[in-house]
Amino acid sequence: MNDENDINTESKLTGHARIRAYLKTLDGSPGVYRMLDDNSRVLYVGKARNLKARVSNYARPTGHSERIARMISETTQMMFLTTKTETEALLLEQNLIKHLKPKYNVLLRDDKSFPNILVSKSHAYPSLKKHRGRKSSKGSYYGPFASAGAVNRTLNQLQKVFLLRDCSDASFEGRTRPCLQYQIKRCSAPCVGKISPDDYAKTVRDAERFLSGKSTGIQEQLAAEMAQASEEMEFERAAALRDRIKALTQVQTAQGINPRTVAEADVIALHMEGGQACVQVFFIRANQNWGNHDYYPRVGADTSATEVMGAFVGQFYDNKQPPRLVLLSHAIEDNDLMVEALSQKAERKVEITMPQRGEKAELVSGAQRNARESLGRKMSETATQAKLLKGLAEAFDLPKVPQRIEVYDNSHIQGAHAVGGMIVAGPDGYEKNQYRKFNIKNEDLVPGDDFGMMREVMTRRFKRLLKEDPDRTNWPDLLLIDGGAGQVSAVREVMEELGVGDVPMVGVAKGEDRDAGKEEFHRTGKQVMALRHNDPVLYFIQRMRDEVHRFAIGTHRAKRAKAFSATPLDDVPGVGATRKRALLAHFGSAKAVSRANLVDLKAVDGVSDALAETIYDFFHERE
């Protein structure tokens, strides 16, 4: 009975006392711990070499920073997971942080994948193209590049230099004459025999040599060929070679910094100011700068540079292949542990260093300068955004300055392929990872019923919020609806039915002659209003409306394009993309497949007897 009372008493404890109660259940094993509040929300995720020793630090009533003290005071529960090694604990910690997004952890907010250049080897004439995602295609990958723009610029110049094709294999096989790429000297037209297989293979090797950092020999070779062509009075060929040399030089110039002594590295530099942080990452591959990208991790006012850098490195490489060398501007805790974790992930030795002199130190210094300048621009933009949000609150008499604005719009063509779009804006601008699309599912709607579509979107949105976030931790402070009194009324009806009618809402309607600048604003129970033509808040609203319109239109077009390319074969069990292509190539159309007899279906390459019967039965079962 006493044990039961002890358990009940402990469950009611909070803060240091609650954490202290866990100590008797822990030993010195390595592992990961989670701190949770009274709503079971994860406040913090950490790893430890010795769980008992680490947790005992939190049990002390004094000696903590303001952020940690606040976190401890909110803690009512803890969860523990032991691991075999501290390295395993580190990897698990970073994975959990990215998945759970705890309130008090340093959090990498923008974690997109980076594009590569793929020299595809699945065809006798390899192609040169951009690739993002899993490296499942046969060929050689070069990257990462910091952005799609960096890849596209490099590809554009490489096509001028090496004249490699970028078309699909299907397009290649169907050509009977050279395409426009050949006419503008971006392709050597292997599809129609304008270049021999051996010569094309040589240009592929040259392209791979360049992407591997061996560009000097290629330039010398092209210069020698140009000189020979001039001597033989083949001036047109000499001019073409001159243009290729120029394009190659432009690639190297656009890359800016091209280190001599660093073949492969990520340069990671941090700058912190005013409670904000910017991390700049430069990608060095094959002695070439393949672009840079800036990040703005979520940090606390009292977070140290060491903690920010350590958290960033761990989360950044959670789903990326680390290079052989990582150059840092600031030291991290447990450097040896991070080296071991990244080496284990890469299955080869990875070095992490903070250089003090030489070319490596210059690379870090340059990245840190970029981080400082980027953070300065970001802080300036944030100040402007804060002023606009305050102006928005004043213009519409909002109870507080909005930190999360959700903007909605619908897109369709006479009711077909209808979608709803939602964008999110806040103090940091547009939060694109929060954008949502809604495929309109109500088949009873009259085509083009915008009010009905908006009702469906808002119903689904707020039913989900009520289910997943009943405490309203991440609810909108303001809804902007693209539409007038009718749209506002439809949305208000839904909100009242769901019991969330207290969420502020404004309808943005085109004004007289549908001119930008003459917008009218509709609110429930209030008169229609307008803002001054030159009011910055009006421009702010216009930009948000244009952004949601762009997003909704893009989503609608993607849905429409998918519908146009769909065939009845998509619904046949066992028929994937490869077999679909084989069937269409054999019969010419989906309609012809549906009419084919069983013997003909069995004759298709890759279609088994059992699958042929499945396809035949699918199209003839109604008969």
Side-chain angles (χ1 to χ4, degrees), residues 26-34 44-58 65 68 80-98 102 105-108 111 144 261-272 277 279-285 295 297 299 303-361 363-365 367-368 371:
L26 299 174
D27 58 20
S29 301
V32 173
Y33 58 92
R34 280 175 270 182
Y44 186 80
V45 174
K47 61 93 184 148
R49 180 185 293 112
N50 181 320
L51 278 172
K52 187 166 188 172
R54 174 59 60 85
V55 173
S56 66
N57 289 334
Y58 294 116
S65 68
I68 299 302
F80 304 94
L81 184 63
T82 59
T83 57
K84 293 179 180 178
T85 66
E86 191 181 3
T87 302
E88 186 181 333
L90 173 64
L91 294 171
L92 178 59
E93 175 201 31
Q94 301 306 330
N95 186 274
L96 286 173
I97 289 171
K98 290 179 68 174
N105 281 96
V106 174
L107 183 65
L108 174 58
D111 188 35
T261 60
V262 181
E264 177 185 328
D266 284 351
V267 184
I268 304 177
L270 165 69
H271 181 73
M272 299 181 68
V279 179
Q280 191 81 207
V281 183
F282 277 78
F283 301 100
I284 306 296
R285 298 293 185 273
Y295 295 87
V299 300
T303 311
S304 68
T306 298
E307 184 180 353
V308 175
M309 183 62 84
F312 178 86
V313 171
Q315 292 174 47
F316 184 73
Y317 291 114
D318 178 60
N319 62 348
K320 298 178 182 68
Q321 187 78 354
R324 298 181 184 278
L325 176 63
V326 179
L327 303 176
L328 303 181
S329 64
H330 293 75
I332 60 174
E333 290 182 3
D334 302 322
N335 189 82
D336 292 343
L337 183 65
M338 187 66 75
V339 166
E340 185 179 342
L342 296 189
S343 298
Q344 181 178 314
K345 181 178 178 61
E347 299 182 343
R348 54 173 165 72
K349 177 67 175 175
V350 173
E351 181 184 356
I352 300 177
T353 184
M354 194 174 71
Q356 302 299 315
R357 61 182 63 86
E359 188 176 45
K360 293 175 183 176
L363 289 172
V364 172
S365 177
Q368 197 161 19

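Atom CZ of Arg357 is surrounded by 12 or fewer heavy atoms from other residues, nucleotides or ligands within 6.0 Å.
Taking 4.5 Å as the limit, some side-chain heavy atom of Leu327 sits within range of a side-chain heavy atom of Thr353. Looking only at side-chain heavy atoms (C-beta outward), Phe316 and Val279 stay at 4.5 Å or farther from each other. Leu90 has its side chain within reach of Met338: a pair of non-hydrogen atoms, C-beta onward, lies under 4.5 Å apart.
For the side chain to side chain contact (heavy atoms under 4.5 Å, CB included) criterion with Pro297, the lone passing option out of Asn105, Val106, Leu107 is Val106.
Scanning for side-chain hydrogen bond (donor to acceptor under 3.5 Å, both in side chains) contacts around Arg324 gives an empty result, with sequence neighbours left out. Listed by chain and residue number, Thr87 satisfy the side-chain hydrogen bond (donor to acceptor under 3.5 Å, both in side chains) test with Glu340 (two or more places apart in sequence, or in another chain). Under the rule for a side-chain hydrogen bond (donor to acceptor under 3.5 Å, both in side chains), Ser304 has no partner lying at least two apart in sequence or in another chain. For Lys345, the side-chain contact (heavy atoms from CB on, under 4.5 Å) test picks out Pro322, with sequence neighbours left out.
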Identify every side-chain donor-acceptor pair in residues 329-337 under 3.5 Å, counting partners at least two apart or on other chains, and give the distances.
from, atom 1, to, atom 2, distance (Å)
Ser329, OG, Leu270, N, 2.9
Asp334, OD2, Lys47, NZ, 2.8

Under 3.5 Å, side-chain donor or acceptor atoms of residues 27-34 against the rest of the protein: list the pairs with distances, not counting sequence neighbours.
from, atom 1, to, atom 2, distance (Å)
Asp27, OD1, Ser29, N, 3.0
Asp27, OD1, Ser29, OG, 2.8
Asp27, OD2, Ser29, OG, 3.4
Tyr33, OH, Tyr58, OH, 2.7

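Residues Ala367 and Gln280 come closest through the heavy atom pair O-CB, 3.5 Å. Across Val350 and Leu342, no two heavy atoms sit closer than the pair CG2-O, 3.9 Å. Between Pro144 and Arg285, the shortest heavy-atom distance links the atoms CD-NH2, 3.4 Å.
Considering CG of Asp266 and CD1 of Ile352, their distance stands at 10.5 Å, rounded to 0.5 Å. Interatomic distance, CD of Gln315 versus CD of Glu93, reported as 8.5 Å (0.5 Å rounding). To the nearest 0.5 Å, the span separating NZ on Lys360 from OG1 on Thr261 amounts to 6.5 Å. A distance of 6.5 Å separates OG1 of Thr85 from CD of Gln344, quoted to the nearest 0.5 Å. The CE atom of Met309 sits 14.0 Å away from atom OG1 of Thr303, with the distance rounded to the nearest 0.5 Å. Between the CE atom in Met354 and the CD1 atom in Ile268 there is a gap of 13.5 Å [rounded to 0.5 Å].
A distance-only check finds no donor-acceptor pair linking the side chain of Gln94 to the backbone of Asp318 [under 3.5 Å].
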